[in-house]
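Order of appearance sets the numbers: ligands from 1, and atoms from 1 within every ligand.
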Amino acid sequence: MKRTKVIDALKCTDFGSEITVMGWVRSKRGSKGIFFIALNDGSTIKNIQIVGEDQNFDEETIKQITTGACLRVKGVLVESPAAGQASEIQAKEIEVFGTCDNTYPLQKKGASWEYLRTVAHMRPRTNTFGAVFRIRHNMAMAIHSYFHEHGFFYFHTPLITASDCEGAGNMFQVTTKNLYELKKDEQGKIDYSDDFFGQQVALTVSGQLEGELGATALGQIYTFGPTFRAENSNTPRHLAEFWMIEPEMAFYDKEDLMDLEEDFIKYCVRWALDNCRDDLEFLNKMVDNTLIERLEGVLKDSFVRLPYTKGVEILQEAIKGGRKFEFPCQWGDDLASEHERYLVEEYFKKPVIMTDYPKEIKAFYMKLNEDGRTMQGTDVLFPQIGEIIGGSVREESYDKLMAEIGRRGMETEKLEWYLDTRRWGSCPHAGFGLGFERLILFVTGMQNIRDVIPFPRTPKNCEF
Ligand code: 4AD
Ligand code: MG
């Protein structure tokens with residue numbers, strides 16, 4: 001079907017030429033024998049105006065041009081007399097591809113986010129979600145572009161796996177077994193030998209461990225794929241199915257890692273400012289009027305690099321000074337989101353890379369510091385979001401890694417392949433994971449992670 005996209009039609013100055021556009025009616029109004037349609041085809045946040053004279057169309061067609069209806073319009077591109085738009089189309093032919101009656105759920109303006117989640121199959125047709133999903137696409141392109149330009153290889157790690165990378169045990173099991181007739185051994189344990197994979201497996205919580213295999217062969221790799229966590233966290237920042245980007249680099253130390261985290265995130269934010277201007281301006285006007293300022297702010301300064309121990313001191317000072325927090329904050333505690341946000345939004349007023357966490361609150365694979373109590377983690381904390389990146393230098397010493405695995409009482413059986421990286425030609429290496437939806441939250445100014453992925457999966461919610 002030959003058509004001009006609305007984004008191109010709006011830029012075209014070939015006035016007098018014939019043009020065909022296709023799209024969905026955002027609104028229609030009319031007076032004195034003339035009607036005006038705002039048509040949108042998703043290529044841009046902007047609509048193109050269609051002008052038609054009633055006398056040139058049959059009554060039935062005009063009646064069918066309602067909000068949400070899908071049209072093909074052929075007409076002449078003309079300079080627009082109306083302010084705020086360069087061109088419009090004088091309609092000569094209108095075909096209604098799909099009518100849309102008044103049961104269409106997106107008729108009223110100002111529907112709540114909660115309501116729009118119940119019509120997630122239709123909400124991409126709204127201005128806001130159109131903007132969010134175009135930006136989401138752009139961020140995916142920015143990510144591939146960054147790593148490709150910097151000599152990283154896109155490495156595909158499996159989604160079905162037998163290992164729990166983060167050791168948190170919140171995995172979704174994958175099985176073809178008949179759950180009504182589970183075979184058990186003498187101790188009452190489920191026997192997986194007749195299951196599809198012959199062992200207990202689950203959806204991945206992180207591609208990192210396999211990513212390390214890639215990095216210790218190809219030098220620098222990244223993954224970018226779906227990740228699954230069965231954590232029962234009903235928060236505006238957690239999904240059960242989210243996308244994660246995990247670069248892993250051989251011969252990187254903590255400084256190299258922090259430099260990469262900062263450079264990478266700034267590149268993505270700059271990409272949004274350079275490539276998503278119309279959508280950002282719309283979101284800045286309608287959703288959060290400090291958005292563009294905040295994005296530009298992140299580019300200006302260097303991120304603060306703050307050891308965890310120092311961070312806890314600052315928080316305890318604040319508590320002494322009367323600042324109230326819901327959760328306590330002692331050395332050794334996992335910082336709550338309110339603590340992270342205090343440091344980022346109130347104390348430093350810029351992004352913070354927090355480093356060197358107590359080993360008790362971090363995963364087994366992190367490199368232990370000489371103090372024996374902290375690990376070389378490097379999480380990036382962002383305004384509004386809290387943790388956006390979780391990263392670390394990896395423990396490359398076989399003996400130290402085995403000691404930590406032993407201390408945690410982990411089974412090594414299923415990890416032998418991973419330990420081989422430390423057995424043969426082990427090398428210093430590091431990596432991080434960026435939560436894609438958390439990045440999109442930041443870049444769009446949206447408040448809830450359910451509103452930056454087309455079809456969110458959260459506890460008790462797996463619709464569409
Ligand atoms: O901090 P996490 O758990 O780190 C890892 O998985 C490491 N293996 C990454 C690595 O070093 N290769 O998760 C990384 C990031 C978090 O900082 C957060 O942005 C995001 O993933 N994330 C989630 N996003 C949405 N919903 C959830 N339930 C998330 N859990 C983590
Ligand atoms: Mg983390």
Query raised in the report: Can you tell me how far CG of Leu368 sits from NZ of Lys359, rounded to the nearest 0.5 angstrom?
Result: 5.5 Å
Requested in this report: Verify the ring-centre separation between Tyr222 and Tyr154: is it less than 6.0 angstrom?
Outcome: yes
Report task. Kindly say whether the aromatic ring centers of Tyr192 and Phe197 come within a distance under 6.0 Å. Result -> no
Query raised in the report: Mind counting the protein N, O or S atoms sitting less than 2.8 Å from the Mg ion (ligand 2)?
Result: 1
**Report entry** All pairs passing side-chain hydrogen bond (donor to acceptor under 3.5 Å, both in side chains) where residues 284-300 contributes a residue, at least two apart
**Finding:** Asp288-Thr290, Asp288-Arg294, Thr290-Arg294
Report task. May I ask you to check whether His137 and Phe133 place their ring centres under 6.0 Å from each other? Result -> no
Query raised in the report: Any side-chain donor-acceptor pair under 3.5 Å between Ser392 and Arg394?
Result: yes
Report task. Tell me the residues surrounding ligand 1, counting only those with a heavy atom closer than 4.0 angstrom, sorted by chain and number. Result -> Cys165, Glu166, Ser206, Gln208, Arg229, Glu231, Arg237, His238, Leu239, Phe242, Met244, Glu246, Tyr365, Glu387, Ile388, Ile389, Gly390, Arg394, Gly431, Phe432, Gly433, Gly435, Arg438, Ile449
Query raised in the report: Can you list the residues that meet the ring-ring contact (aromatic ring centres under 6.0 Å, His included) rule with Tyr347, with sequence neighbours excluded?
Result: none
Report task. Using the six-membered ring of Trp113, assess whether NZ or CZ of Arg123 lies under 6.0 Å from its centre and within 45 degrees of the ring axis. Result -> no
Report task. State yes or no: are the ring centers of Phe264 and Phe147 separated by less than 6.0 Å? Result -> yes
